[in-house]
Trainee: 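There's a structure below that I have some questions on.
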Amino acid sequence: IYEALYRKILETNGKFFTVKFIKKDGTVRTLNGRRSVRKYLKGGTNRVENGINYLTVFDVHKMAYRTVNTDTAISFSFQGKVEEL
């Protein structure tokens with residue numbers, strides 16, 4: 001089921017989506033974001049996306065890049081459709 005979420009996030013093609021997931025410290029986080037944002041890159045190497053379960057997403061509220069663990073996702077919303085996982 002989480003591989004399907006991973007594909008859905010990749011298929012948003014840079015459009016806005018919302019994902020709710022459990023962070024590493026156990027708190028629940030709701031992230032409104034986009035993929036493929038390049039404007040705020042400062043160089044360097046992304047060492048997080050070595051595993052298939054992690055995606056780097058641009059958080060439009062915090063204006064910063066965040067990592068989403070697709071294994072701990074609770075819900076996904078895209079174009080008005082909400083899916084509980």
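Both backbone and side-chain heavy atoms feed into the values below; hydrogens, waters and symmetry mates do not. Sequential numbering from 1 along the given sequence is applied to the chain's residues.
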Trainee: One pair to check against side-chain contact (heavy atoms from CB on, under 4.5 Å): V28 and F21. What are the steps and the verdict?
Mentor: CA-CA 6 Å; V28 176; F21 62 98; over 6 Å; no
Trainee: So among T70, V68, I74, which one has a side-chain contact (heavy atoms from CB on, under 4.5 Å) with V19?
Mentor: V68
Trainee: Is the terminal nitrogen or CZ of R34 (NZ for Lys, CZ for Arg) located under 6.0 angstrom from the six-membered ring centre of F58 and within 45° of that ring's axis?
Mentor: no
Trainee: With a 4.5 Å limit on heavy-atom distance, are the side chains of F78 and K8 in contact?
Mentor: no
Trainee: Which heavy atom of T12 sits nearest a heavy atom of F76, and at what distance?
Mentor: CG2-CZ, 4.1 Å
Trainee: Measuring from D59:CG to R29:CZ, what's the distance to the nearest 0.5 Å?
Mentor: 4.5 Å
Trainee: Taking side-chain hydrogen bond (donor to acceptor under 3.5 Å, both in side chains) as the definition, give me every residue that meets it alongside K62, ordered by chain and number, with sequence neighbours left out.
Mentor: none
Trainee: Would a hydrophobic clustering, with Ile, Leu, Val, Met, Phe, Trp and Tyr connected at side-chain separations under 4.5 Å, put M63 with Y65?
Mentor: yes
Trainee: So do N32 and F16 actually touch side chain to side chain, heavy atoms under 4.5 Å?
Mentor: no
Trainee: Regarding D71 and N53, is there a side-chain donor-to-acceptor distance under 3.5 Å anywhere?
Mentor: yes
Trainee: Is there a donor-acceptor pair under 3.5 Å between the side chain of R35 and the backbone N or O of T56?
Mentor: yes
Trainee: Looking at every non-hydrogen atom in both residues, tell me the closest pair between I9 and L55 and how far apart they are.
Mentor: CG2-CD1, 3.3 Å
Trainee: I'd like to know if the side chain of T72 reaches the main chain of I22, judged simply by a donor and an acceptor atom lying under 3.5 Å from each other, with no hydrogens or angles considered.
Mentor: yes
Trainee: Checking side-chain contact (heavy atoms from CB on, under 4.5 Å) for the pair L31/T18: CA distance, chi angles, key distance, verdict?
Mentor: CA-CA 6 Å; L31 185 143; T18 301; over 6 Å; no
Trainee: Shortest non-hydrogen contact from V57 to G33?
Mentor: CG1-CA, 4.0 Å
Trainee: Name all residues meeting the side-chain hydrogen bond (donor to acceptor under 3.5 Å, both in side chains) criterion together with T30; count only those two or more places apart in sequence or in a different chain, and write none if there are none.
Mentor: none
